[in-house]
Asks: 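If you scroll down you'll find the structure; I have some questions about it.
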Amino acid sequence: MLLRHTNDTIIEREALTINPAKTCQPVGAMYAALGIHGCLPHSHGSQGCCSYHRSALTRHYKEPVMAATSSFTEGTSVFGGQANLLQAVETIFTVYNPDIIAVHTTCLSETIGDDVNQILQKARDDNYVPEGKFLIHCNTPSYVGSHVTGYANMVTAMVKYFSGKSVTKKNQVNIIAGWCEPSDMREIKNITSIMGIKTILFPDTSDVLDAPLTGHHEFYPKGGVTVPDLVSTGDSRYTIGLGPFCSEDAAVLLENKCKVPFDILNLPIGLEATDKFVMALSKAARVHVPDEITEQRGRLVDMIADMHQYFYGKRVAIFGDPDTVIPLTEFLLSLDMKPVYIVSGTPGNKFGTAMSALLSEKVPEAKFKNGERADMFLLHQWIKQEPVDLIIGNSYGKYIARDENIPLIRVGFPILDRVGHSHFPITGYVGGMNLVVKMLNAILDKEDRECREEKVELTM
Amino acid sequence: MIHTEIDTQRWKEEVLKKYPKKLAKKREKSIVVNDSDVIHPIQANVRTAPGIITQRGCTYAGCKGVILGPTRDIINLVHGPIGCSFYAWLTRRNQTLPPTPESENFMNYCFSTDMQDSNIVFGGELKLKQAVREVFEIFKPKSIGIFSTCPVGLIGDDVHAVAREMKAELGINIFGFSCEGYKGVSQSAGHHIANNGLMKHVIGLGNTIPEGKYKVNMLGDYNIGGDGFELERIFEKCGLTLVSSFSGNSTMEKFEAAHHADLNVVVCHRSINYVAEMMEKKFGLPWFKVNFTGAEATAKSFRKIAEYFGDQELIDRVEAVIAEEMALVNAELEKVYDQTKGKVAMLFVGGSRAHHFQELFTELGMSTLSAGYEFGHRDDYEGRSVIPTIKVDADSRNIEELDIEQDETRYNPRKTEEEKAALAEKGIEFNSYDGMMKDMLKGALIIDDLSHYEMEKLIELYHPDVFCAGIKEKFCVQKMGIPLKQLHSYDYGGPYSGFEGAINFYKDIAMIVNTTIWKKIKAPWEREVTIEAEYAA
């Protein structure tokens, strides 16, 4: 057994996290910053942070992930990181020539109290920044929140640094993407394109972390939201934030700064969440929903109706980030599955409120927890107490899946041992169909492998 | 001399031009055109300039991830915010094989105190103590290691005091490491800190003398992809007893008994030579360098071990094993040699691998035109003879040097000075490592702590057939149409050590040079104009 020391006796823990369902802030900031065109993320801390985050993102995307570091030493930790950051800015603009450097902090630079805002101002004042180039930053102390918080903080920094209000409103809608895959961002753009709505999606990692092989390494791939587009978000008619944990702060700031009204929805994962997204788009842009979208929806509904018998009553354990896990839970309920155990390491009351609202009537026996010690060890112990039919989460779920002989479908971050997530969406109606197919395959592959010979079915 | 048409000196000047002046001056010393006759000094183990895109990681990664990570029966509790423990969770491929389904194996678990802002403000020691109690209550381990992350050192949590207190309270071996990420200039400092911790808290605790006639410790194999399993197989086949491996497929019990061996062989000089040095001082165990990467190198290393013990029966048995294994190795090599011969490799990885893996490429008839370490020191390039001349800077001075004294009762020099001298006559040099440069071609470019920019420029210059580095470099290089072989994870292949490892490597390099897709990068319509003529007509 891979996790041979895990048993079903739950001992209350106050200090110890085992097998976390989260990681720390900076990786989220790094990922979000990659969704700006021509941007080099910069980690203000020791080298290890940058190395770990680049490695995690690279293993997840199988793509180059470029980022720089302030390479703190013990001396830097004593005397402060200003000299290192200034030198980094000079080196980066000279050697790697980005349009933007997006600095995020680490627990190290936060603990010693570096004032990154002031340091960057000094860099600008002392002419470290070439004409037309930008420095932006956000604070991402690793001991607060999770990787999701870091993503939200960098997205908020985009609004803080760039969004501007000119004299004329533009007939466009802002979409703030919660943490999802390049494939999902591409699908969101597909939907708005079919609906004929001009949108600014930010951040946007499509065409950044799913780049083609050309024989040339594009240091700054063609994708990513551009600075002029970010500036013009202040003139948009409306903002739709997808995923409250990742997008709400930015949407609120954009309203305060530029008076752009907003709505916060879940990420459009599954039938209902996509319905709400399409409705919100229709309202915000004052367009009718075209038949093509209705047909896409119809195909998803058709598939669910036809395959319903394989899903009804199936018990599911889910772990991951709230913005993904909440609409996913909602989707499973629309398939009449039973999401019985749900954990997320990311703290925040919105998680519990959303889960109670979704589950209290339909699956009253469901257990869910988020924040500190809402970890995969606890999830595994719940599964030991009473098993499930399916696990949904990142690659770390494979250790539980193998020990308990439960199929796993990989959704979330990081997915280290499979590809496809960055190319095939789980958002939108198309993404809903992808999810249905994934779950169905996982459940039926196990059935086909393990059922008695006389029970093997050729047809479904 | 190699590639005479390439002016490496000019390349170096061109590359340095791009950097800000001060940085160019610094990098200049880390890029050396090799001259195997006269070893030129190279700058290594110095700070990476801020803003440079580096391969390097941190001290914590070297301590927790590399040295202590592969030991299955210790609980490694990381004291810090969640990320540090999360990123070191199963991301190195040190495999382990517990003897029974019930045997302890905590390597698939991740343990953290998950420090929150209140712990940073008010101190994290209470939380750490509580976490230790909880991990003990749930898992009942025999040992717990506590690893410090950046903020721990800054706020002044004393992990060593906590370890002592908890050791007394719980009655098991508990010890801490001050391996904050900002110490040192790379993972290397963490290796040293881990070595010190093993010496202080573990090695020598075991009183049971292991059975066996020829008892050896292997230092610096981490059982990546099963390297250690293959080496264990050869040790056993040769009739050698592997008392302890630092630290692939290891247990605390074996570490504790390591001083009962009669020889330390050092595989990865960079990461663990400290333990070898300290064990020699304290217990009288001699050490010499071996290399198990490459079939010839493996054969040579086992011959050295047999010669050390000097028993004809052992020498004959080792020769028989080598003959048997080499027949298989050569059969495989014959199949691929014509495909790999003349190809060009580059290696930028680790503190030993960029040297050791050149053996395998040489066996394949390939040449290594450029190489360098991610976290090596000057001695790994120039040989240990430079050690007395290495200037200790502020970043190295803060890493503790243990003051080791002879163990009063257990010190036992396994060989007299005369015996050592006699063995030296036969080519067995103790406490010696000649480094990478001596083995490399004249004119090869040796670059320490290669930056991303330099890597792209190197590839533009040489168009190597295979570039060896790690995950962060993998897809950048492949986007350029050059296959990258990861030498940290082996791209989930391996083992590459020993004889079977050599066979695996030959096959994998043949696979790489025979990959069709690299020739299909351009679409047909990018290669030729198809439509113009038709429209013109």
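Quick caveat: nothing in here was measured; it's all calculated off a predicted structure. Only this structure's heavy atoms are used, side chains among them; waters, hydrogens and symmetry mates stay out. Protein chains get the first letters and strands the later ones, always in sequence-line order, with residue 1 at the start of each.
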Asks: Against chain B, label A:Tyr399 side chain, backbone, both or neither, depending on which of its atoms sit under 4.5 Å from a heavy atom there.
Replies: side chain
Asks: Please check if the side chain of B:Glu134 supplies one atom and the backbone of A:Leu16 the other of a donor-acceptor pair under 3.5 Å.
Replies: yes
Asks: Answer with side chain, backbone, both or neither: which region of A:Pro141 has an atom nearer than 4.5 Å to a non-hydrogen atom of chain B?
Replies: neither
Asks: Would you mind checking which part of A:Pro347 comes under 4.5 Å of any heavy atom in chain B, side chain (CB onward), backbone (N, CA, C, O), both or neither?
Replies: neither
Asks: Of the non-hydrogen atoms in A:Ser55 and B:Ile471, which two are nearest, and what is the gap between them?
Replies: OG-CG2, 3.7 Å
Asks: Evaluate the side chain to side chain donor-acceptor pair (under 3.5 Å) criterion for residues B:Thr54 and A:Gln47: first the C-alpha distance (whole Å), next the side-chain angles of each, then the deciding distance (0.1 Å), finally the verdict.
Replies: CA-CA 8 Å; B:Thr54 172; A:Gln47 275 158 199; 5.2 Å; no
Asks: Against chain B, label A:Phe93 side chain, backbone, both or neither, depending on which of its atoms sit under 4.5 Å from a heavy atom there.
Replies: neither
Asks: Could you tell me which portion of A:Leu40 (side chain, backbone, both or neither) has an atom closer than 4.5 angstrom to a non-hydrogen atom of chain B?
Replies: side chain
Asks: May I ask you to say whether B:Lys127 pairs ionically with A:Glu372, meaning some side-chain N is under 4.0 Å from a carboxylate O?
Replies: yes
Asks: Which region of A:Val65, side chain (C-beta onward) or backbone (N, CA, C, O), has a non-hydrogen atom less than 4.5 Å from a non-hydrogen atom of chain B, or is it both or neither?
Replies: neither
Asks: May I ask you to name which of A:Gly145, A:Cys107, A:Cys50 has the most heavy-atom pairs under 4.5 Å with chain B?
Replies: A:Cys107
Asks: For A:Tyr61, which atoms come within 4.5 Å of any heavy atom of chain B: side chain, backbone, both, or neither?
Replies: neither
Asks: Report yes or no: do A:Thr6 and B:Tyr109 form a side-chain donor-acceptor pair below 3.5 Å?
Replies: yes
Asks: When you compare the side chain of A:Asn19 with that of B:Trp89, does any pair of heavy atoms fall below 4.5 Å?
Replies: yes
Asks: So which part of A:His216 gets closer than 4.5 Å to some heavy atom of chain B, the side chain, the backbone, both or neither?
Replies: backbone
Asks: Is any side-chain heavy atom of B:Asp114 less than 4.5 Å from a side-chain heavy atom of A:Arg373?
Replies: no
Asks: Non-hydrogen atoms of chain B under 4.5 Å away: do they reach the side chain of A:Ala211, the backbone, both or neither?
Replies: both
